[in-house]
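We number each residue from 1, following the sequence as shown.
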Amino acid sequence: MGLILVLGLGMVLVIEGLVFALAPSRLEDLLKLMNQIPVETRRLIGLAAVTLGAVLVSWAISAGAM
């Protein structure tokens with residue numbers, strides 16, 4: 001289980017790092033856009049992302065990926 005968490009964290013860091021490295025000016029535009037979205041909507045988007053991520057990890061584990 002710990003290996004899966006480390007793998008997932010590593011993947012997140014790679015993807016986040018790519019955004020900072022390849023498109024830092026677009027990141028500023030994205031932050032301005034997110035500032036216009038209401039807090040509750042951002043919270044719902046975050047909860048949906050967490051739920052989808054958990055489902056995908058669960059599916060991968062049950063499919064025998066780890």
Side-chain angles (χ1 to χ4, degrees):
M1 183 68 172
L3 180 61
I4 294 170
L5 291 175
V6 171
L7 178 63
L9 179 60
M11 291 171 58
V12 167
L13 290 173
V14 167
I15 292 169
E16 292 290 330
L18 283 172
V19 172
F20 280 100
L22 299 177
S25 62
R26 294 291 296 166
L27 186 61
E28 291 176 14
D29 296 338
L30 180 61
L31 289 174
K32 289 176 187 174
L33 178 66
M34 285 187 64
N35 195 28
Q36 297 173 358
I37 299 172
V39 174
E40 287 302 316
T41 303
R42 285 184 274 173
R43 181 171 288 123
L44 287 174
I45 292 169
L47 288 172
V50 168
T51 302
L52 179 60
V55 167
L56 289 174
V57 168
S58 175
W59 175 76
I61 292 171
S62 67
M66 289 300 224

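One distance of note links CD1 of I45 with CD of E40; it measures 11.5 Å at 0.5 Å rounding. Taken to the nearest 0.5 Å, the CG atom of L27 stands 10.0 Å off from the CE atom of M34. Atom NZ of K32 sits about 10.5 Å away from atom CG of N35, to the nearest 0.5 Å. Distance CD/E28 to CG/L33: 13.5 Å, rounded to 0.5 Å. Atom CZ of R42 is separated from atom CD of Q36 by 10.5 Å, given to the nearest 0.5 angstrom.
Using a distance-only test at 3.5 Å, with no hydrogens or angles considered, a donor-acceptor pair links the side chain of T51 to the main chain of L47. Checked by atom type and distance alone, the side chain of S62 pairs as donor or acceptor with a backbone atom of S58 at under 3.5 Å.
Under the side chain to side chain contact (heavy atoms under 4.5 Å, CB included) test applied with L9, the options L5, L7, L13, V6 reduce to a single match, L13.
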